[in-house]
Amino acid sequence: MAQAAAVAKPPAPPRRRRASATPRRLPYLLIAPAALLMLGFIAYPVISVFYYSLQNYNPTKPWRNGFAGLDNFTHAFTNDPQFWDTLTFSAKWVVVEVGLQLLFGLALALIVNQTFVGRSIGRALVFSPWAVSGVLTSAIWVLLYNSQTGVTRYLADMGIGQYGTSWLSDPSTVFSAAVVADLWRGVPFFAILILADLQSVSKDLYEAAEVDGASRFQQFRNITLPHLKDAIVLSTLLRAVWEFNNVDLLYTLTGGGPAGETTTLPLYVANTSVEAHNFGYASALTTVAFVILLFFSIIYLRLSKFGGGDK
């Protein structure tokens with residue numbers, strides 16, 4: 001009987017082998033080297049800037065180097081009128097540039113979104129300035145604004161203006177000249193993003209609106225703009241940050257002149273660190289710019305309710 005019971009007893013289920021955790025961790029292990037490199041290239045410079053912003057650090061005056069605390073920030077806000085001048089000009093530059101680029105970019109996107117002969121060529125011409133580097137863009141416009149061989153020379157030949165006129169050295173025209181140069185490269189950025197979003201608008205919405213008797217302007221206001229909201233918010237935010245940090249074009253065109261008329265805060269930081277070798281104070285100005293951009297981005301995204309509404 002005991003032998004029969006032993007035979008009838010079902011065999012114990014085999015033990016399941018514990019699944020190895022390696023396959024689940026494999027994707028993270030594969031991206032770990034790239035993540036560590038990115039962390040090093042991003043985190044280390046940021047931490048270094050914060051560290052040096054609290055230091056007096058000037059390689060040409062090593063006897064003054066040492067911990068400064070908040071003295072650099074105090075000096076910027078209370079004893080440096082050039083800081084406020086450059087910050088005011090940076091705000092003016094961002095508002096004018098981003099506003100005009102959005103306006104012209106939206107208009108171009110609406111135009112090249114239509115069906116017409118040669119649309120592909122038109123799109124290529126509209127988008128081509130964005131493929132040009134900032135340094136090359138600056139070189140092109142330096143030649144165009146050259147008083148001897150540029151636009152002013154040909155205008156003078158037609159009796160408009162005088163020979164030898166330089167728009168980049170005249171305080172009354174330098175801002176407008178710099179704005180036009182940056183518009184040439186910045187407008188395609190908005191046109192590309194807005195056109196990409198326009199492609200996803202359903203034509204049925206426009207057909208239904210036409211049946212209801214809606215005009216072109218009503219269709220644009222009630223269909224196109226609400227659909228483009230997120231694209232406009234994102235593009236304006238990105239472009240505002242880039243324009244605030246614009247250094248290459250203004251440095252090449254005007255060098256911040258004449259008489260500091262076109263000096264932005266990042267350009268002031270560059271001059272303070274590279275020319276004056278005052279890296280501690282430049283780091284403090286960079287930290288202030290970082291806080292300003294971070295605060296502006298958070299407020300702008302909250303007020304615009306980015307990603308919160310359905311198209």
Side-chain angles (χ1 to χ4, degrees), residues 84-113 126-135 137-138 140-141 167-168 173-198 220-221 224-254 256 261-270 285-286 288-309:
W84 292 107
D85 292 340
T86 56
L87 184 60
T88 302
F89 177 77
S90 297
K92 176 184 176 182
W93 174 262
V94 169
V95 170
V96 173
E97 276 294 339
V98 175
L100 292 177
Q101 289 177 20
L102 173 61
L103 180 64
F104 289 118
L106 176 60
L108 285 176
L110 293 173
I111 292 173
V112 297
N113 191 45
V126 168
F127 301 153
S128 58
W130 184 246
V132 181
S133 67
V135 176
T137 298
S138 303
I140 292 172
W141 285 95
W167 291 342
L168 296 178
T173 58
V174 62
F175 180 74
S176 299
V179 165
V180 171
D182 200 48
L183 279 177
W184 181 78
R185 185 167 184 262
V187 167
F189 171 78
F190 284 94
I192 293 171
L193 290 184
I194 293 175
L195 178 62
D197 210 27
L198 282 173
F220 173 76
R221 184 184 62 185
T224 306
L225 276 183
H227 185 88
L228 295 176
K229 175 193 169 185
D230 284 351
I232 291 175
V233 170
L234 179 61
S235 58
T236 51
L237 177 60
L238 291 175
R239 198 61 188 160
V241 173
W242 292 341
E243 289 297 343
F244 185 90
N245 292 320
N246 190 323
V247 173
D248 54 354
L249 183 123
L250 288 174
Y251 182 81
T252 307
L253 286 179
T254 67
E261 289 288 332
T262 58
T263 302
T264 59
L265 181 57
L267 186 55
Y268 180 42
V269 171
L285 295 177
T286 304
V288 172
F290 172 78
V291 173
I292 291 174
L293 290 177
L294 180 62
F295 179 78
F296 167 78
S297 300
I298 294 174
I299 297 299
Y300 182 69
L301 291 176
R302 284 187 174 273
L303 293 178
S304 62
K305 298 179 181 179
F306 176 72

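Keep in mind that this is a model prediction, so the values were computed, not measured.
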Is the side chain of Thr252 donor-acceptor paired with the backbone N or O of Leu249 at a distance under 3.5 Å, no angle test?
no
For Trp167, give me all partners under ring pair (Phe, Tyr, Trp, His ring centres under 6.0 Å), at least two apart in sequence or on another chain.
Tyr145
I'd like to check the side chain to side chain contact (heavy atoms under 4.5 Å, CB included) partners of Ile298; sequence neighbours left out, ordered by chain and number.
Leu294, Arg302
Output for pair (Leu108 CG, Leu195 CG), nearest 0.5 Å, gives 10.0 Å
Who passes side chain to side chain contact (heavy atoms under 4.5 Å, CB included) against Thr286, sequence neighbours left out?
Val49, Val269
I'd like to know whether Trp141 forms a side chain to side chain contact (heavy atoms under 4.5 Å, CB included) with Leu168, so could you lay out the CA-CA distance, the side-chain angles of the two residues, the decisive distance to 0.1 Å, and finally the verdict.
CA-CA 10 Å; Trp141 285 95; Leu168 296 178; over 6 Å; no
When rounded to the nearest 0.5 Å, the distance separating CH2 of Trp84 from CG of Leu265 is 10.5 Å
Qualifying residues under ring pair (Phe, Tyr, Trp, His ring centres under 6.0 Å), relative to Phe89, sequence neighbours excluded:
Phe175
Go through the structure and list residues passing ring pair (Phe, Tyr, Trp, His ring centres under 6.0 Å) with Phe220, not counting sequence neighbours.
none
Within the structure provided, determine whether Leu267 and Tyr251 are in side-chain contact (heavy-atom separation under 4.5 Å).
yes
Please round to the nearest 0.5 Å and tell me the distance separating atom OG of Ser304 and atom CD1 of Ile299.
10.5 Å
If we check side chain to side chain contact (heavy atoms under 4.5 Å, CB included) with Asp182, which of these qualifies: Thr137, Asn246, Leu100, Leu253?
Asn246
Listed by chain and number, what are the side chain to side chain contact (heavy atoms under 4.5 Å, CB included) partners of Pro266, not counting sequence neighbours?
Ser90, Phe244, Asn245, Val247, Thr264
What residues form a side chain to side chain donor-acceptor pair (under 3.5 Å) with Thr254, not counting sequence neighbours?
Thr262
With side chains defined as the heavy atoms from C-beta onward, is the minimum distance between Leu106 and Leu228 less than 4.5 Å?
yes
Pairing residues for Asp85 by the side chain to side chain donor-acceptor pair (under 3.5 Å) criterion, not counting sequence neighbours:
none
What is the distance from atom OG1 of Thr173 to atom CD of Glu261, rounded to the nearest 0.5 Å?
10.5 Å
Would you indicate whether the side-chain heavy atoms of Leu87 and Ile292 approach each other to under 4.5 Å?
yes
Those residues that, when tested against Phe127, pass ring pair (Phe, Tyr, Trp, His ring centres under 6.0 Å) (two or more places apart):
none
Residues forming a salt bridge (Lys or Arg N to Asp or Glu O under 4.0 Å) with Glu97, sequence neighbours excluded:
none
Non-neighbouring partners of Leu301 that pass side chain to side chain contact (heavy atoms under 4.5 Å, CB included), sequence neighbours left out
Val233, Leu237, Phe306
Do the side chains of Phe190 and Ile232 get nearer than 4.5 Å, heavy atoms only?
no
Residue list, salt bridge (Lys or Arg N to Asp or Glu O under 4.0 Å) with Arg185, at least two apart or on another chain:
none
Closest approach of Ala109 to Ile194 (non-hydrogen atoms, all atoms of both residues):
CB-CG2, 3.7 Å
